[in-house]
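What follows is one structure encoded as structure tokens, with my remarks underneath.
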Amino acid sequence: MSASPSNAMNLAQQEAVNYLHGPCLVLAGAGSGKTRVITHKIGRLIQMGMPAQRIAAITFTNKAAAEMRERAKGLIGKGAKDVLICTFHALGVRMLRANGADLGLKPQFSILDTDDVTSILKDAGGTTDAATARAWQWTISAWKSAGLNGEQALAMASNDSERIAAAVMGRYEERLTAYQSVDFDDLISLPLKLLREHPEVRAKWQAQMGHVLVDEYQDTNATQYEMLKLLVGCEPDGTRAAHLDGDARFTAVGDDDQSIYGWRGATLDNLKKLPLDFPSLKVVKLEQNYRSTSAILRAANNVIGPNPKLYPKNLWSDLGEGEPVRVVDADNEEHEAERVVARIQSLRVEGTLAQAGAQFKELRDFAVLYRANHQAKPFEKALRKANIPYKVSGGQSFFDRAEIRDLCAWFRLWANNDDDPAFLRAVTTPKRGIGHQTLGSLGMFASRFKLSLFEALFSSSLGSVLQARALGSLHEFGRYINDLQFRARHTEGAENARGFLTDWLKDIGYEKHLFDGEENEKIAAAKWANVMEFCDWMAQRCGGHLTDAAGVSDSLEIKNLLEVSQTIALLSTISEREQDQNVVTLSTLHASKGLEWPHVMLVGVTEGMLPFKMNDGADSLGGTRRADESANEDMAERLQEERRLMYVGITRAQRSLAVSWTKRRKKGRELVSASPSRFIAEMGLDQATTKEDPRKKLRALRAEFAARAEAAAVQKP
């Protein structure tokens with residue numbers, strides 16, 4: 001995140017940093033130095049006598065937490081390691097590991113990933129259709145974000161599809177309890193339940209939280225806001241906790257103009273509620289932008305202008321007027337991709353775009369942003385054709401690879417024997433002669449006696465349903481897991497962990513399993529290289545050489561392998577393991593939030609794409625058309641969120657911005673005519689200066705270089 005270039009903060013930043021004794025809302029416009037304000041405020045709190053252990057800074061991504069931790073360390077020094085800087089979900093894990101027993105959770109509970117959740121929902125709903133299970137998953141997630149359980153959802157269900165989803169949710173909750181497992185939404189809803197229903201736990205965490213700073217506050221959902229209120233000293237009835245002195249102490253930092261996650265439960269109501277729930281709230285606006293030129297900010301301010309404002313603000317910059325914002329039209333998506341490649345090539349040529357800065361010519365300085373993942377394909381093709389390396393941001397996570405998920409299943413089973421999804425993956429990968437019939441019989445036996453699969457395999461009466469050979473294989477697997485768990489608990493430090501993991505992989509024949517399962521040896525070798533990298537990464541964590549990106553660990557202490565295994569689940573769920581490569585970035589607008597590049601190309605800016613399909617009035621849960629008035633209100637809110645998405649895209653650009661649209665676009669197999677997005681007109685650009693054909697410019701530059709080369713050749717003796 002950009003920040004002011006000198007040590008001196010501007011007056012608004014100083015005001016936000018120095019207000020320490022009550023609730024504070026910092027409205028931080030794009031590129032206005034919000035991370036700088038948060039880290040300086042942490043420093044100021046410590047300077048004024050607040051113990052570092054009582055300060056918490058909560059954000060939404062591992063990447064943001066890691067950056068904040070690094071910045072705090074640079075500003076404060078060693079004391080920064082005692083500040084709790086983590087994501088909402090990592091805080092939830094910390095609370096549940098400490099106090100989950102009050103909810104019947106053992107400390108080594110498992111965190112399920114999306115695939116585990118889908119397979120459990122298939123089972124709970126009696127379907128083999130992944131799409132149906134995923135639809136239930138979205139619905140259940142929305143209910144959990146709104147603070148509902150299965151019973152409450154069923155009571156509120158308004159149609160058959162909602163009633164079915166609510167019934168599935170009830171059975172899903174039963175399975176999670178049996179597996180001693182939680183899903184991603186539970187990492188917020190269960191800590192909230194703890195704080196609401198257990199006064200002694202609430203008092204403990206309130207005493208721990210001397211000052212809470214929340215980054216990207218506009219992205220909070222209803223349950224996260226309730227959790228925040230209870231952490232900063234509110235009682236469930238809204239009154240102030242009697243054991244706490246003075247006003248609630250927290251700093252919420254956000255921007256209502258960048259709220260783009262309504263579809264996953266984020267609500268601007270949380271911004272509206274703050275002054276009502278905390279009447280002494282101090283509001284500070286950060287309007288000076290340190291990222292973009294005036295031309296880019298003018299377009300951004302114009303686009304966001306029509307949206308209703310909770311707190312009006314106007315971004316400004318002293319970086320100068322800069323290059324005008326360009327509008328590029330194209331015949332179709334392939335033509336648009338060619339023009340984008342031509343623009344990248346022409347901007348990288350010496351002598352062009354003087355105001356954009358000669359220093360911004362590396363491939364990492366360029367980003368192509370679009371509304372939806374499927375729009376990347378023509379740009380990938382065009383970049384490959386031009387031999388320009390690129391990365392697709394938000395592509396497959398390292399932890400989503402099958403080989404890494406295999407290892408994680410084993411680690412989860414060591415840490416929590418009751419984790420049935422992990423048991424099923426580990427016992428069959430690599431294959432060990434335990435077939436589906438044996439596992440099916442074990443599963444039915446476990447269900448009948450309400451046991452986990454692992455508990456069931458050691459039951460004295462299991463022999464009544466399984467043959468001796470199958471029983472022997474299961475017992476051997478169970479003893480092996482117990483042995484691994486014992487050894488993992490007693491394996492500390494990087495070298496010991498590395499040795500343990502290497503021996504274990506040999507023991508289970510995992511390398512052979514990979515090569516046997518792949519026809520292409522190169523692919524198998526790449527998978528094995530990923531496994532080696534992952535084991536090295538685990539070992540480094542055991543040796544205290546790396547902090548957990550999720551903020552689960554407090555310090556760089558040496559750990560045993562079992563402890564590290566317990567944090568893997570959270571990291572694999574919300575990991576953003578990306579190295580900074582010198583390549584062009586292709587990214588969705590949602591994934592680009594919080595990032596910035598010198599040169600940005602916003603593509604596919606047509607009606608129906610951005611804003612996205614504004615003529616669809618279907619309800620997201622029930623699929624039925626709402627009453628006209630409600631549908632119009634919903635449509636207005638969706639358009640406002642789409643406009644905020646355009647605003648986020650524009651404000652990613654530092655030095656140059658091009659916005660492109662196509663006259664025709666693909667719809668299925670057909671080409672349909674398209675028109676420029678209404679947002680292009682709303683940018684209020686000077687039409688005389690904005691039309692651009694990058695290919696003409698590139699042809700002219702090539703001709704100029706060819707002429708120079710020819711002249712140089714003639715001059716040679």
Side-chain angles (χ1 to χ4, degrees), residues 1-61 64-88 91 206 208-220 224 228-229 231-233 244-255 258 270-271 274-275 278 280-290 311 313 551 594:
M1 178 58 65
S2 296
S4 44
S6 67
N7 286 328
M9 286 184 287
N10 66 42
L11 291 174
Q13 289 174 332
Q14 287 176 40
E15 188 180 11
V17 166
N18 291 326
Y19 187 78
L20 306 177
H21 303 296
C24 180
L25 171 62
V26 180
L27 288 160
S32 62
K34 69 181 176 67
T35 306
R36 178 184 181 79
V37 165
I38 292 171
T39 49
H40 275 74
K41 190 152 191 174
I42 292 169
R44 187 85 175 114
L45 285 161
I46 292 171
Q47 188 185 31
M48 296 303 288
M50 173 80 70
Q53 298 88 332
R54 296 194 62 221
I55 302 169
I58 307 170
T59 186
F60 277 81
T61 66
E67 183 192 345
M68 204 175 286
R69 211 174 290 123
E70 206 54 44
R71 297 266 284 270
K73 192 167 137 194
L75 185 70
I76 304 155
K78 286 183 181 173
K81 75 176 172 55
D82 295 324
V83 179
L84 174 58
I85 301 177
C86 66
T87 62
F88 263 106
L91 175 62
Q206 286 174 342
Q208 168 71 34
M209 299 285 172
H211 197 106
V212 180
L213 301 103
V214 183
D215 189 19
E216 303 288 10
Y217 177 75
Q218 77 283 345
D219 293 339
T220 53
Q224 285 162 336
L228 173 68
K229 277 182 14 184
L231 283 173
V232 300
L244 296 172
D245 297 329
D247 216 335
R249 293 184 184 181
F250 68 86
T251 304
V253 183
D255 181 4
Q258 293 187 71
N270 291 352
L271 271 169
L274 268 184
F278 301 95
S280 62
L281 182 76
K282 182 175 181 65
V283 179
V284 180
K285 294 181 193 177
L286 304 184
E287 296 175 291
Q288 183 174 357
N289 173 287
Y290 293 96
Y311 300 96
K313 63 181 179 308

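Note that this is a predicted model, so its numbers are computed, not measured.
Not counting sequence neighbours, the partners of Q208 by the side-chain contact (heavy atoms from CB on, under 4.5 Å) test are W205. Taking A72 as the reference, T39, I76, A80, I85 meet the side-chain contact (heavy atoms from CB on, under 4.5 Å) condition, with sequence neighbours excluded. Applying the side chain to side chain donor-acceptor pair (under 3.5 Å) test to R54 and every residue at least two apart in sequence or in another chain returns nothing. Residues forming a side chain to side chain donor-acceptor pair (under 3.5 Å) with E15 (at least two apart in sequence, or on another chain): K282. In this structure I58 satisfies the side-chain contact (heavy atoms from CB on, under 4.5 Å) test together with F88, L91, V212, sequence neighbours excluded. Legend: residues meeting side chain to side chain donor-acceptor pair (under 3.5 Å) with N270, ordered by chain and number and at least two apart, are T220.
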Item to check | Test side chain to side chain contact (heavy atoms under 4.5 Å, CB included) applied to R249 and L20, step by step | outcome: CA-CA 7 Å; R249 293 184 184 181; L20 306 177; over 6 Å; no
Item to check | Full working for side chain to side chain contact (heavy atoms under 4.5 Å, CB included) between V232 and M209 | outcome: CA-CA 7 Å; V232 300; M209 299 285 172; 5.9 Å; no
Next on the checklist: Is there a side chain to side chain contact (heavy atoms under 4.5 Å, CB included) between R36 and R71? Walk through the geometry before answering.
Outcome noted: CA-CA 8 Å; R36 178 184 181 79; R71 297 266 284 270; 3.9 Å; yes
Next on the checklist: Pair I55, I46 - check side chain to side chain contact (heavy atoms under 4.5 Å, CB included), show working.
Outcome noted: CA-CA 9 Å; I55 302 169; I46 292 171; 3.7 Å; yes
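Of the possible donor and acceptor atoms, none in the side chain of Q53 sits under 3.5 Å from a partner among the backbone N and O of D82. Side chain of N289 to main chain of A30: a donor-acceptor pair is present (N/O by atom type, distance under 3.5 Å, no hydrogens or angles).
Closest heavy-atom contact between A12 and V284: O-CG1, 3.4 Å. In plain terms, the two heavy atoms of P275 and L281 that are nearest each other are N-CD2, 3.9 Å. Minimum heavy-atom separation, Q13 to Y290: NE2-CE1, 3.9 Å. The minimum heavy-atom distance between V253 and A28, with the atom names listed, is CG1-CB, 4.0 Å. Closest non-hydrogen pair, Y311 versus L271, comes out as OH-O, 4.0 Å. Between Q224 and D219, the closest heavy-atom pair is OE1-O, 3.9 Å.
Here the rule is side-chain contact (heavy atoms from CB on, under 4.5 Å) with L27, and of K285, K34, E287 only K285 fits it.
In this structure, L25 CG and Y217 OH are separated by 7.5 Å, a value rounded to the nearest 0.5 Å. Distance check: L75 CG to E70 CD gives 12.5 Å after rounding to the nearest 0.5 Å. For the atom pair H211 NE2 and M50 CE, the distance stands at 7.0 Å (nearest 0.5 Å).
Looking only at side-chain heavy atoms (C-beta outward), L213 and I42 come within less than 4.5 Å of each other.
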